[in-house]
Visitor: 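Could you have a look at this structure, given as C-alpha coordinates, before my questions?
So you know, we letter chains A, B, ... as the sequences are listed, proteins then strands, and number each from 1. These figures come from a predicted structure and were not determined experimentally.
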Amino acid sequence: LAKTTQPISMDSYEGQEVNITCSHNNIATNDYITWYQQFPSQGPRFIIQGYKTKVTNEVASLFIPADRKSSTLSLPRVSLSDTAVYYCLVDLTGRRALTFGSGTRLQVQP
Amino acid sequence: ETGVTQSPTHLIKTRGQQVTLRCSSQSGHNTVSWYQQALGQGPQFIFQYYREEENGRGNFPPRFSGLQFPNYSSELNVNALELDDSALYLCASSLLGGSTDTQYFGPGTRLTVL
(Lines give C-alpha, C1' and ligand atoms only; values in the text may rest on other atoms or scores of the structure.)
Protein backbone atom coordinates (compact mmCIF):
# COMPACT_ATOMS: atom_id res chain seq x y z
CA LEU A 1 0.00 0.00 0.00
CA ALA A 2 1.26 3.47 -0.85
CA LYS A 3 1.94 5.39 2.34
CA THR A 4 1.27 9.10 2.66
CA THR A 5 2.99 11.71 4.80
CA GLN A 6 1.38 15.03 5.58
CA PRO A 7 1.93 17.70 8.25
CA ILE A 8 0.23 17.01 11.55
CA SER A 9 -1.18 20.52 11.83
CA MET A 10 -1.34 23.90 10.14
CA ASP A 11 -2.57 27.32 11.18
CA SER A 12 -3.99 30.02 8.94
CA TYR A 13 -6.11 33.17 9.01
CA GLU A 14 -9.39 33.88 7.33
CA GLY A 15 -9.04 34.96 3.72
CA GLN A 16 -5.66 33.35 3.19
CA GLU A 17 -4.85 30.60 0.73
CA VAL A 18 -3.84 27.34 2.39
CA ASN A 19 -1.69 24.71 0.72
CA ILE A 20 -1.36 21.27 2.30
CA THR A 21 1.28 19.04 0.77
CA CYS A 22 1.19 15.27 0.91
CA SER A 23 4.13 13.00 0.10
CA HIS A 24 3.50 9.59 -1.48
CA ASN A 25 6.84 8.33 -2.74
CA ASN A 26 5.61 4.80 -3.44
CA ILE A 27 2.54 5.70 -5.44
CA ALA A 28 1.67 3.04 -8.00
CA THR A 29 0.91 3.66 -11.64
CA ASN A 30 -2.81 3.10 -11.24
CA ASP A 31 -3.24 4.94 -7.94
CA TYR A 32 -5.36 8.05 -7.67
CA ILE A 33 -4.91 10.80 -5.08
CA THR A 34 -7.97 11.69 -3.06
CA TRP A 35 -8.52 14.26 -0.35
CA TYR A 36 -11.20 14.17 2.33
CA GLN A 37 -12.22 16.77 4.91
CA GLN A 38 -13.56 15.78 8.32
CA PHE A 39 -15.22 17.86 11.01
CA PRO A 40 -15.41 16.55 14.60
CA SER A 41 -17.89 13.70 15.06
CA GLN A 42 -18.86 13.71 11.38
CA GLY A 43 -18.00 11.44 8.47
CA PRO A 44 -15.22 12.41 6.07
CA ARG A 45 -16.39 14.52 3.14
CA PHE A 46 -14.90 13.98 -0.30
CA ILE A 47 -13.13 17.13 -1.52
CA ILE A 48 -11.22 16.33 -4.69
CA GLN A 49 -9.51 13.55 -6.59
CA GLY A 50 -6.85 13.55 -9.28
CA TYR A 51 -4.34 11.46 -11.17
CA LYS A 52 -1.92 14.00 -12.65
CA THR A 53 -1.34 17.70 -13.34
CA LYS A 54 -4.10 19.91 -11.94
CA VAL A 55 -7.69 19.39 -10.94
CA THR A 56 -10.00 22.17 -9.79
CA ASN A 57 -13.54 22.16 -8.48
CA GLU A 58 -15.74 24.62 -6.64
CA VAL A 59 -14.05 23.86 -3.34
CA ALA A 60 -10.34 23.30 -3.97
CA SER A 61 -7.52 22.68 -6.40
CA LEU A 62 -5.20 19.71 -6.48
CA PHE A 63 -1.72 20.06 -7.93
CA ILE A 64 0.20 16.93 -8.88
CA PRO A 65 3.74 17.16 -10.31
CA ALA A 66 4.88 14.95 -13.15
CA ASP A 67 6.58 12.37 -10.89
CA ARG A 68 3.37 12.07 -8.78
CA LYS A 69 5.40 11.56 -5.61
CA SER A 70 3.62 14.40 -3.90
CA SER A 71 0.47 16.44 -4.25
CA THR A 72 -0.78 19.75 -2.89
CA LEU A 73 -4.31 20.55 -1.86
CA SER A 74 -5.00 24.25 -2.25
CA LEU A 75 -7.88 25.92 -0.42
CA PRO A 76 -8.48 29.48 -1.65
CA ARG A 77 -9.48 32.15 0.84
CA VAL A 78 -10.21 29.94 3.83
CA SER A 79 -12.87 30.78 6.38
CA LEU A 80 -13.42 29.68 9.97
CA SER A 81 -15.64 26.87 8.70
CA ASP A 82 -12.66 25.30 6.93
CA THR A 83 -11.20 24.34 10.32
CA ALA A 84 -11.09 20.55 10.06
CA VAL A 85 -8.84 17.54 9.56
CA TYR A 86 -7.75 16.94 5.96
CA TYR A 87 -6.77 13.46 4.81
CA CYS A 88 -4.69 12.62 1.77
CA LEU A 89 -5.26 9.11 0.42
CA VAL A 90 -3.51 7.26 -2.35
CA ASP A 91 -5.44 4.29 -3.59
CA LEU A 92 -6.49 2.52 -6.69
CA THR A 93 -9.91 3.89 -7.53
CA GLY A 94 -12.38 1.19 -6.64
CA ARG A 95 -10.04 -0.34 -4.12
CA ARG A 96 -11.85 -2.11 -1.34
CA ALA A 97 -10.28 -0.33 1.60
CA LEU A 98 -9.42 3.33 1.92
CA THR A 99 -6.28 3.74 4.02
CA PHE A 100 -6.43 6.84 6.18
CA GLY A 101 -3.39 8.26 7.92
CA SER A 102 -3.55 10.74 10.77
CA GLY A 103 -4.42 13.69 8.53
CA THR A 104 -3.58 17.39 8.82
CA ARG A 105 -5.44 19.41 11.39
CA LEU A 106 -6.09 22.86 9.92
CA GLN A 107 -6.98 25.64 12.33
CA VAL A 108 -8.28 28.85 10.78
CA GLN A 109 -8.14 31.93 13.00
CA PRO A 110 -10.22 35.10 12.60
CA GLU B 1 -30.37 12.39 -4.63
CA THR B 2 -30.31 10.99 -1.08
CA GLY B 3 -27.00 10.86 0.74
CA VAL B 4 -25.67 8.18 3.05
CA THR B 5 -27.60 7.90 6.30
CA GLN B 6 -26.79 5.98 9.48
CA SER B 7 -28.72 5.03 12.57
CA PRO B 8 -28.68 5.42 15.45
CA THR B 9 -26.68 8.61 15.96
CA HIS B 10 -25.46 7.63 19.41
CA LEU B 11 -25.51 4.38 21.34
CA ILE B 12 -24.39 3.30 24.80
CA LYS B 13 -23.80 -0.37 25.57
CA THR B 14 -22.06 -2.38 28.27
CA ARG B 15 -19.26 -4.89 27.88
CA GLY B 16 -20.38 -8.25 26.54
CA GLN B 17 -23.49 -6.92 24.84
CA GLN B 18 -24.22 -7.03 21.13
CA VAL B 19 -24.97 -4.07 18.87
CA THR B 20 -26.37 -3.55 15.37
CA LEU B 21 -25.67 -0.39 13.39
CA ARG B 22 -27.49 0.49 10.18
CA CYS B 23 -26.56 2.29 6.99
CA SER B 24 -28.54 3.35 3.95
CA SER B 25 -26.39 3.87 0.90
CA GLN B 26 -26.59 6.78 -1.50
CA SER B 27 -29.06 6.37 -4.32
CA GLY B 28 -27.52 4.44 -7.22
CA HIS B 29 -24.66 2.97 -5.18
CA ASN B 30 -24.14 -0.80 -4.90
CA THR B 31 -21.30 -1.02 -2.39
CA VAL B 32 -21.06 -0.26 1.31
CA SER B 33 -17.87 -0.09 3.34
CA TRP B 34 -17.63 0.15 7.12
CA TYR B 35 -14.93 1.95 9.09
CA GLN B 36 -14.08 2.35 12.77
CA GLN B 37 -12.63 5.64 13.94
CA ALA B 38 -11.17 5.89 17.42
CA LEU B 39 -10.78 9.31 18.97
CA GLY B 40 -7.94 11.30 17.39
CA GLN B 41 -7.21 8.73 14.69
CA GLY B 42 -8.11 8.22 11.07
CA PRO B 43 -10.84 5.76 10.07
CA GLN B 44 -9.82 2.09 9.89
CA PHE B 45 -11.39 -0.22 7.32
CA ILE B 46 -13.55 -3.02 8.75
CA PHE B 47 -15.09 -4.61 5.65
CA GLN B 48 -16.91 -3.93 2.41
CA TYR B 49 -20.08 -5.43 0.93
CA TYR B 50 -20.85 -5.59 -2.76
CA ARG B 51 -24.09 -7.07 -4.05
CA GLU B 52 -24.82 -8.68 -0.67
CA GLU B 53 -21.44 -10.44 -0.45
CA GLU B 54 -18.40 -9.52 1.65
CA ASN B 55 -15.87 -8.03 -0.75
CA GLY B 56 -12.87 -7.47 1.47
CA ARG B 57 -12.05 -7.29 5.15
CA GLY B 58 -9.64 -5.39 7.32
CA ASN B 59 -7.86 -6.54 10.46
CA PHE B 60 -10.93 -6.97 12.66
CA PRO B 61 -11.98 -10.11 14.58
CA PRO B 62 -14.93 -12.29 13.50
CA ARG B 63 -17.18 -10.78 16.17
CA PHE B 64 -17.48 -7.89 13.70
CA SER B 65 -19.89 -9.06 11.04
CA GLY B 66 -22.15 -7.49 8.46
CA LEU B 67 -24.96 -7.81 6.03
CA GLN B 68 -26.04 -6.08 2.87
CA PHE B 69 -29.62 -6.20 1.71
CA PRO B 70 -31.09 -6.26 -1.83
CA ASN B 71 -31.71 -2.49 -1.62
CA TYR B 72 -27.96 -2.11 -0.83
CA SER B 73 -28.52 -0.92 2.73
CA SER B 74 -26.25 -2.57 5.27
CA GLU B 75 -25.84 -3.57 8.89
CA LEU B 76 -22.76 -3.85 11.06
CA ASN B 77 -23.04 -6.25 13.98
CA VAL B 78 -20.58 -6.40 16.84
CA ASN B 79 -20.82 -9.21 19.38
CA ALA B 80 -19.26 -9.46 22.83
CA LEU B 81 -18.54 -5.75 23.02
CA GLU B 82 -15.25 -4.63 24.56
CA LEU B 83 -14.30 -1.24 25.97
CA ASP B 84 -11.97 -0.66 23.01
CA ASP B 85 -14.92 -0.91 20.64
CA SER B 86 -15.93 2.58 21.72
CA ALA B 87 -15.55 4.64 18.55
CA LEU B 88 -17.28 6.44 15.71
CA TYR B 89 -18.52 3.88 13.19
CA LEU B 90 -18.73 5.15 9.65
CA CYS B 91 -20.25 3.66 6.57
CA ALA B 92 -19.43 4.77 3.06
CA SER B 93 -21.21 3.93 -0.16
CA SER B 94 -19.82 3.80 -3.66
CA LEU B 95 -20.60 2.52 -7.12
CA LEU B 96 -18.22 -0.32 -7.86
CA GLY B 97 -17.66 -0.66 -11.57
CA GLY B 98 -18.82 2.86 -12.33
CA SER B 99 -16.79 5.63 -13.91
CA THR B 100 -15.66 6.69 -10.45
CA ASP B 101 -15.60 4.61 -7.30
CA THR B 102 -15.36 7.47 -4.83
CA GLN B 103 -16.62 6.50 -1.39
CA TYR B 104 -19.12 8.86 0.22
CA PHE B 105 -19.45 8.73 3.98
CA GLY B 106 -22.42 8.95 6.29
CA PRO B 107 -22.45 10.99 9.51
CA GLY B 108 -21.47 8.03 11.66
CA THR B 109 -22.75 6.30 14.79
CA ARG B 110 -21.00 7.11 18.05
CA LEU B 111 -20.78 3.91 20.11
CA THR B 112 -19.80 4.07 23.76
CA VAL B 113 -19.08 0.83 25.61
CA LEU B 114 -19.11 1.02 29.41
Visitor: Chain A: which of B:Gly42, B:Ala92, B:Pro43 shares the most heavy-atom pairs with it under 4.5 Å?
Guide: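 The option with the most such pairs is B:Pro43.
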Visitor: Please say whether more than 12 non-hydrogen atoms of neighbouring residues, nucleotides or ligands are located less than 6.0 Å from CD1 in A:Ile8.
Guide: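 At most 12 heavy atoms, drawn from other residues, nucleotides or ligands, come within 6.0 Å of this atom.
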Visitor: If you measure from CZ on B:Phe105 to CD on A:Gln42, what distance do you get to the nearest 0.5 Å?
Guide: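 Going from the CZ atom of B:Phe105 to the CD atom of A:Gln42 covers 13.5 Å.
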Visitor: Return yes when atom CG of A:Asp67 has more than 12 non-hydrogen atoms of other residues, nucleotides or ligands closer than 6.0 Å, and no otherwise.
Guide: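 Check passes, neighbour count above 12.
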Visitor: Do you know the tightest heavy-atom contact between B:Leu90 and A:Pro44?
Guide: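 What the structure gives for the nearest pair is CD1-CD, 3.7 Å.
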Visitor: Is it the side chain or the backbone of A:Phe39 that comes within 4.5 Å of chain B heavy atoms, both, or neither?
Guide: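 Neither; nothing under 4.5 Å.
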Visitor: Rounded to the nearest 0.5 Å, how far does OG1 of B:Thr102 lie from CG of A:Leu98?
Guide: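 A:Leu98 atom CG to B:Thr102 atom OG1 measures 9.0 Å (nearest 0.5 Å).
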Visitor: Could you tell me whether the side chain of A:Ser41 reaches within less than 4.5 Å of the side chain of B:Arg110, counting heavy atoms only?
Guide: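 Touching, per the 4.5 Å side-chain cut-off.
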Visitor: Would you say B:Leu11 and B:Val4 are hydrophobically clustered, going by side-chain heavy atoms of ILVMFWY under 4.5 Å?
Guide: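 As far as the 4.5 Å side-chain criterion goes, B:Val4 and B:Leu11 are not connected within one cluster.
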Visitor: Using modelled atom types and a 3.5 Å cut-off, is there a donor and acceptor pairing between side-chain atoms of B:Tyr35 and backbone atoms of A:Gly43?
Guide: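 No, B:Tyr35 side chain to A:Gly43 backbone: no donor-acceptor pair under 3.5 Å.
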Visitor: Got more than 12 heavy atoms from elsewhere within 6.0 Å of CG, B:Leu114?
Guide: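 Counting other residues, nucleotides and ligands, CG of B:Leu114 exceeds 12 neighbours.
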Visitor: Heavy-atom distances under 4.5 Å only: say whether B:Gln37 touches chain A with side chain, backbone, both or neither.
Guide: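 Side chain only.
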Visitor: Answer yes if B:Ile46 and B:Tyr50 sit in the same cluster of Ile, Leu, Val, Met, Phe, Trp and Tyr residues linked by side chain heavy atoms under 4.5 Å apart, and no otherwise.
Guide: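 B:Ile46 and B:Tyr50: separate clusters.
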Visitor: Does some side-chain heavy atom of B:Gln103 sit less than 4.5 Å from a side-chain heavy atom of A:Tyr36?
Guide: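 SC-SC contact between A:Tyr36 and B:Gln103 confirmed.
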Visitor: Might you confirm whether atom CZ of B:Arg15 has over 12 heavy atoms from other residues, nucleotides or ligands at distances under 6.0 Å?
Guide: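 Counting other residues, nucleotides and ligands, CZ of B:Arg15 stays at 12 neighbours or fewer.
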Visitor: Can the ring centroids of B:Phe45 and A:Phe100 be said to lie less than 6.0 angstrom from one another?
Guide: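 Between A:Phe100 and B:Phe45, which both carry aromatic rings, the centre distance is not below 6.0 Å.
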Visitor: Taking ring pair (Phe, Tyr, Trp, His ring centres under 6.0 Å) as the definition, give me every residue that meets it alongside B:Tyr49, ordered by chain and number, with sequence neighbours left out.
Guide: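 Per chain and number, B:Tyr49 pairs via ring pair (Phe, Tyr, Trp, His ring centres under 6.0 Å) with B:Phe47.
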